[in-house]
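To start, the structure under review is shown below, and the notes come after it.
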Amino acid sequence: MPMDLENKVALVTGGASGIGRAAALEFAELGARVVVSTGSNVEGGEETVSMIRAAGGDACFVKCDVGSEAEVSALVAAAVEKYGRLDCAFNNAGIGPDGVRIPFGPLTDVTEGNWDRIMNTNLKGVFFCLKHELIRMRKQGGGAIVNTASIGGLKMAPGFGAYGPSKSAVIALTELAALENARLGIRVNVVCPGPTVGTRLMDNNLASNPEEEALLKERVIPMGKLGTVVDVARSVVWLCSDYASHVTGQALSVDGGMHAQ
Ligand code: NAD
């Protein structure tokens, strides 16, 4: 049996760029109809949809700030209205210090505003998505959800402020949702990427710290190379597929071995 997601409907948050865009393309490649969503980068979200359509797939765009429960509820409703059901969800929208949009610095420098921005997107956003996706999937009697955490949620990196705590909490939330829904045909897992290129997050980070890439390759990542968005996206579609039918509550590291150190 080849891995496919034929006749499935997949929702991707943070689908305007980086890992989310790559996952949306992989979902479509495997036959799923894809609801691409993002908060402010509407142009990027629409571009992802165009890329899927150009490759012969079926996708639509819905704008949604994951930090708003009303918008998340409307997003899930829009997906079901458009395609009739919701089989797979990738709760991936996230922000963190990248030295451009949010500075790096010790906890003593973290402002209340940046703490709230990160927590509202990375943690509350995943909670809202999980809640409304689970309500829908419970009605249908099944589904598969993948959240995005980070190596930063498994090992604390000084200077990352609220980011590490927000991603640790996403792993905890994943385990809770997996346990509560294990007998209802709904699997919930989380991917923990290491430094991943082809994303605004990492590319801004590397641009603002010119020595960072060599340091990561030589000293930090056991495999000696940075991850790509496709590396992460393929793990996500695998977790959503029947190939992972007995996998739930799992935190899957896609980090070139960093978590093992
Ligand atoms: P990215 O900046 O390219 O993508 C982030 C996406 O989230 C964008 O589409 C953006 O529009 C969207 N987004 C941000 N705030 C939002 C909001 N409030 N509502 C809806 N959408 C919102 O970076 P990326 O690396 O692809 O990020 C995807 C996920 O991967 C994030 O959760 C990030 O924390 C995680 N991650 C990234 C790396 C890395 O090295 N790039 C490593 C570990 C984890």
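Just so you know, ligand 1 is whichever comes first in the structure, and atom 1 is the first atom listed for that ligand. We number each residue from 1, following the sequence as shown.
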Q. Distance-only, no hydrogens or angles: does the K167 side chain make a donor-acceptor pair with backbone N or O of T148 under 3.5 Å?
A. yes
Q) Should E69 and K131 count as an ion pair when the cut-off is N to O under 4.0 Å? A) yes
Q. Does any N or O atom in P195 lie less than 3.5 angstrom from one in ligand 1, N or O only?
A. no
Q: Could you check which of V66, V72, I95 puts a non-hydrogen atom nearest to atom 19 (N) of ligand 1?
A: V66
Q. If you measure from CE on M119 to CG on N114, what distance do you get to the nearest 0.5 Å?
A. 12.0 Å
Q. Out of curiosity, C240 SG to L30 CG, how far, rounded to the nearest 0.5 Å?
A. 10.0 Å
Q. For ligand 1, which atoms have a heavy atom of G18 less than 4.0 angstrom away?
A. 3 (O), 26 (O)
Q.
If I apply the N/O under 3.5 Å rule, does N92 come out as touching ligand 1?
A. yes
Q | Proximity flag A22 to ligand 1, non-hydrogen atoms under 4.0 Å | A | no
(Q) Against ligand 1, does R101 come closer than 4.0 Å with any heavy atom? (A) yes
Q.
Please list, in number order, the atoms of ligand 1 under 4.0 Å from a heavy atom of A16.
A. 9 (O)
Q) Would you say N122 has any N or O atom under 3.5 Å from an N or O of ligand 1, going by distance alone? A) no
**Q.** Part of R21 within contact of ligand 1 (heavy atoms, under 4.0 Å)
**A.** neither
Q | Spatial distance of atom CG (L216) from atom CD (E211) [nearest 0.5 Å] | A | 12.0 Å
Q) When you look for heavy atoms under 4.0 Å from ligand 1, do you find them on the side chain of S40, its backbone, both, or neither? A) neither
Q. Do N41 and T38 have side-chain N/O donor and acceptor atoms under 3.5 Å apart?
A. no
Q. Any N or O on I19 sitting closer than 3.5 Å to an N or O of ligand 1?
A. yes
Q) Which distance, rounded to the nearest 0.5 Å, do you find between the OH of Y163 and the CH2 of W115? A) 14.0 Å
Q: Can you sort out which atoms of ligand 1 are near Y163, meaning under 4.0 Å from one of its heavy atoms?
A: 33 (C), 34 (O), 35 (C), 36 (N), 43 (C), 44 (C)
Q: Determine, using heavy atoms of T121 and all atoms of ligand 1, whether some pair is separated by less than 4.0 Å.
A: yes
Q | Enumerated ligand 1 atoms positioned under 4.0 Å from heavy atoms of S17 | A | 1 (P), 3 (O), 4 (O), 8 (C), 9 (O)
Q) Which bit of C64 is near ligand 1, meaning a heavy atom under 4.0 Å away: side chain, backbone, both or neither? A) backbone
Q. So how far is it from R33 CZ to C88 SG, rounded to the nearest 0.5 Å?
A. 11.0 Å
Q: Kindly confirm or rule out an N or O of D65 lying under 3.5 angstrom from an N or O of ligand 1.
A: yes
Q) Hey, does T196 come in under 3.5 Å of ligand 1, counting only N/O atoms on both sides? A) yes
Q. What's the spacing between E71 CD and C129 SG if we round to 0.5 Å?
A. 11.0 Å
Q: Can you pull out the closest protein heavy atom to atom 37 (C) of ligand 1? Residue, atom name and distance to 0.1 Å, please.
A: L201 CD2, 3.5 Å
Q. Is the closest N or O pair between G14 and ligand 1 shorter than 3.5 Å?
A. yes
Q. Would you say G39 has any N or O atom under 3.5 Å from an N or O of ligand 1, going by distance alone?
A. yes
Q) In the protein, what heavy atom is nearest to atom 2 (O) of ligand 1, and what distance, to one decimal place, separates them? A) R200 CB, 3.4 Å
Q. If you measure from the Lys or Arg side-chain nitrogens to the Asp or Glu carboxylate oxygens, is any gap between R21 and E47 under 4.0 Å?
A. yes
Q: Name the closest protein heavy atom to atom 22 (C) of ligand 1, giving the residue it belongs to and the distance to 0.1 Å.
A: A93 CB, 3.6 Å
(Q) Using a 3.5 Å distance criterion without hydrogens, assess whether the side chain of R187 forms a donor-acceptor pair with backbone atoms of V247. (A) yes
Q: For ligand 1, indicate whether the residue E71 contacts it via side chain, backbone, both or neither (heavy-atom separation under 4.0 Å).
A: neither
(Q) Going by a strict under-4.0 Å cutoff (protein heavy atoms only), does atom 4 (O) of ligand 1 have a neighbour on the protein? (A) yes
**Q.** Per-atom contacts, ligand 1 versus G194 - under 4.0 Å to a heavy atom
**A.** 40 (O), 42 (C)
Q: Say whether T13 and N92, considering side chains only, have a donor N or O and an acceptor N or O under 3.5 Å apart.
A: no
Q: Would you kindly say whether N205 and D98 are connected by a side-chain donor-acceptor distance under 3.5 Å?
A: no
Q. At a 4.0 Å threshold, what atoms of ligand 1 neighbour a non-hydrogen atom of T38?
A. 9 (O), 10 (C), 11 (O), 12 (C), 20 (C), 21 (N)
